[in-house]
Enquirer: 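After the structure tokens below, expect a handful of questions from me.
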Amino acid sequence: MIDSFAKDNLHGRLRRDRAALLWKLDGLSEYDVRRPLTATGTNLLGLVKHVATVEARYFGEVFDRPSPEPLCRWQDSDGSDQWAAVDETREQITGFYRRTWEHADATIDALPLDAPGHVPWWPEPHSRTNLFAVMVHVLGETLRHAGHADILREGLDGRTGLRAEHEGRIDEEARAAHRAKLERAAGAAASIAPTQG
């Protein structure tokens with residue numbers, strides 16, 4: 001009973017956060033979904049491509065259920081899964097992600113939580129694992145990158161949130177007042193804090 005509950009709960013959250021990550025691309029230009037938005041080059045479409053690759057590997061080769069999507073060997077990974085090349089369209093990358101969901105969902109549905117898996121890129125003795133641990137790991141990866149995407153999107157046009165149906169109208173005046181309040185609090189705290197060093 002608890003295994004079924006845990007599996008359904010983890011799987012439901014993974015589905016929710018996949019959709020949230022894809023939603024962060026909605027309404028943006030090709031330039032804005034691709035352009036580097038941090039000093040290290042993090043970009044929205046690259047986050048989607050990376051998370052798709054993560055899911056394809058973890059719910060594929062870890063359980064000897066290789067992804068039908070072409071992937072380089074994990075040993076040959078060169079970071080190209082974190083950005084979109086000129087000849088890769090948004091539709092190709094989001095399609096890859098959606099097809100990866102189908103394959104991952106089939107793996108999750110077919111296996112019990114204690115199904116053994118092997119993650120060759122994890123150090124020993126951790127490389128021997130099970131579906132439960134992989135589901136938790138992939139959910140963590142997806143959440144982490146969906147959070148990155150949320151911040152990047154907010155920086156582009158102010159849009160925030162987990163799902164479109166919960167998005168409210170952006171009140172620029174209220175946001176500016178809130179930010180000013182936080183700035184004042186930070187400045188006041190800095191003026192009374194002991195010098196670090």
Side-chain angles (χ1 to χ4, degrees), residues 2 5-6 8-55 57-58 77-84 90 93-94 97 119 121-127 129 132-197:
I2 190 68
F5 172 80
D8 290 348
N9 193 282
L10 290 171
H11 201 180
R13 290 180 178 271
L14 180 59
R15 286 179 171 127
R16 177 198 68 187
D17 295 326
R18 287 168 173 164
L21 179 56
L22 269 191
W23 177 53
K24 296 303 169 181
L25 304 178
D26 282 2
L28 292 177
S29 69
E30 282 304 309
Y31 176 70
D32 283 337
V33 298
R34 294 166 180 269
R35 68 179 167 131
L37 296 168
T38 69
T40 59
T42 305
N43 60 90
L44 288 164
L45 195 55
L47 288 171
V48 171
K49 185 178 176 184
H50 174 67
V51 174
T53 303
V54 166
E55 271 207 46
R57 289 198 191 287
Y58 277 98
S77 181
D78 60 2
S80 60
D81 69 321
Q82 298 180 6
W83 61 283
R90 179 191 321 217
I93 291 172
T94 59
Y97 193 25
V119 185
W121 51 90
W122 285 1
E124 293 300 337
H126 308 290
S127 67
T129 190
F132 176 78
V134 167
M135 287 182 76
V136 170
H137 179 80
V138 172
L139 178 60
E141 282 280 320
T142 305
L143 278 167
R144 179 173 182 245
H145 294 309
H148 293 150
D150 198 35
I151 291 168
L152 295 179
R153 182 66 190 252
E154 182 179 352
L156 284 171
D157 63 6
R159 289 181 68 184
T160 62
L162 184 62
R163 294 190 298 269
E165 62 268 23
H166 297 297
E167 185 178 29
R169 184 182 64 78
I170 297 172
D171 184 339
E172 296 292 349
E173 189 175 307
R175 280 188 177 180
H178 180 69
R179 191 174 188 290
K181 177 176 73 174
L182 298 180
E183 186 64 42
R184 286 191 303 275
S191 70
I192 60 172
T195 304
Q196 302 290 320

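FYI, side chains are in, hydrogens and waters are out, and symmetry mates aren't considered; it's all heavy atoms of this structure. Only a predicted model underlies this, so the values are computations on that prediction, with no experimental measurement involved.
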Enquirer: Nearest 0.5 angstrom please: D26 CG to R159 CZ, how far?
Expert: 6.5 Å
Enquirer: Say you draw a straight line from CD of E30 to CG of L25; how long is it, rounded to the nearest 0.5 Å?
Expert: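 Here the interatomic distance stands at 9.5 Å.
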Enquirer: Measuring only between side-chain heavy atoms, which start at C-beta, is T160 closer than 4.5 Å to R175?
Expert: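 Yes, at least one pair of side-chain atoms sits under 4.5 Å.
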Enquirer: State, yes or no, whether a side-chain contact exists between H137 and T129 at a heavy-atom distance under 4.5 Å.
Expert: no
Enquirer: Counting only heavy atoms not in E172, do more than 12 fall under 6.0 Å of its CD?
Expert: yes
Enquirer: Just by modelled atom types, is the V33 backbone N or O under 3.5 Å from a matching donor or acceptor in the R90 side chain?
Expert: no
Enquirer: Atom CG of N9 and atom CG of L139: how far apart are they, to the nearest 0.5 Å?
Expert: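 Interatomic distance, N9 CG to L139 CG, rounded to 0.5 Å: 9.0 Å.
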Enquirer: Is any side-chain heavy atom of L47 closer than 4.5 Å to one of T42?
Expert: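 T42 reaches L47 side chain to side chain.
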Enquirer: Mind running side chain to side chain contact (heavy atoms under 4.5 Å, CB included) on V48 and L22 for me, showing each step along the way?
Expert: CA-CA 7 Å; V48 171; L22 269 191; 3.9 Å; yes
Enquirer: Does any part of the side chain of D32, heavy atoms only, come nearer than 4.5 Å to the side chain of D157, both counted from C-beta?
Expert: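 Heavy-atom side-chain distance check fails, nothing below 4.5 Å.
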Enquirer: To the nearest 0.5 Å, how far apart are CG in L45 and CD1 in I93?
Expert: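 Reported value, rounded in 0.5 Å steps: 4.0 Å.
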Enquirer: Return the CZ to CZ distance between R18 and R15, rounded to the nearest 0.5 Å.
Expert: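 Answer for the CZ-CZ pair, R18 versus R15, is 6.5 Å.
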Enquirer: Does a side-chain heavy-atom distance below 4.5 Å link T142 with V138?
Expert: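 Yes, their side chains come closer than 4.5 Å.
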Enquirer: For the backbone of W83 and the side chain of K49, can you confirm whether one donor and one acceptor N or O come within less than 3.5 Å of each other?
Expert: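 Side chain of K49 to backbone of W83, a donor-acceptor pair under 3.5 Å: yes, one is there.
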Enquirer: Hey, is the main chain of I151 close enough, under 3.5 Å, to the side chain of K24 for a donor-acceptor pair?
Expert: no
Enquirer: I'd like to know if the side chain of S127 reaches the main chain of E124, judged simply by a donor and an acceptor atom lying under 3.5 Å from each other, with no hydrogens or angles considered.
Expert: no
Enquirer: Ignoring hydrogens, what is the shortest heavy-atom contact between A146 and D17? Give both atom names and the distance.
Expert: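 Shortest heavy-atom contact: CB-O, 4.3 Å.
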Enquirer: Can you give me the closest heavy-atom contact between G41 and P36, atom names plus distance?
Expert: CA-CB, 3.6 Å
Enquirer: Can you measure from NE2 (H50) to CD (Q82) and round to the nearest 0.5 angstrom?
Expert: 5.5 Å
Enquirer: Report yes if some heavy atom in the side chain of L28 is under 4.5 Å from a heavy atom in the side chain of R153; otherwise report no.
Expert: yes
Enquirer: Less than 4.5 Å apart, any side-chain heavy atom of Y58 and any of E141?
Expert: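 They are not in contact (no side-chain heavy atoms under 4.5 Å apart), so the answer is no.
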Enquirer: Would H145 and V54 satisfy side chain to side chain contact (heavy atoms under 4.5 Å, CB included), going step by step from the backbone distance to the final call?
Expert: CA-CA 11 Å; H145 294 309; V54 166; 5.9 Å; no
Enquirer: Can you check whether L143's main-chain N or O pairs, donor with acceptor, with R13's side chain at less than 3.5 Å?
Expert: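 Looks like no, no N/O pair under 3.5 Å.
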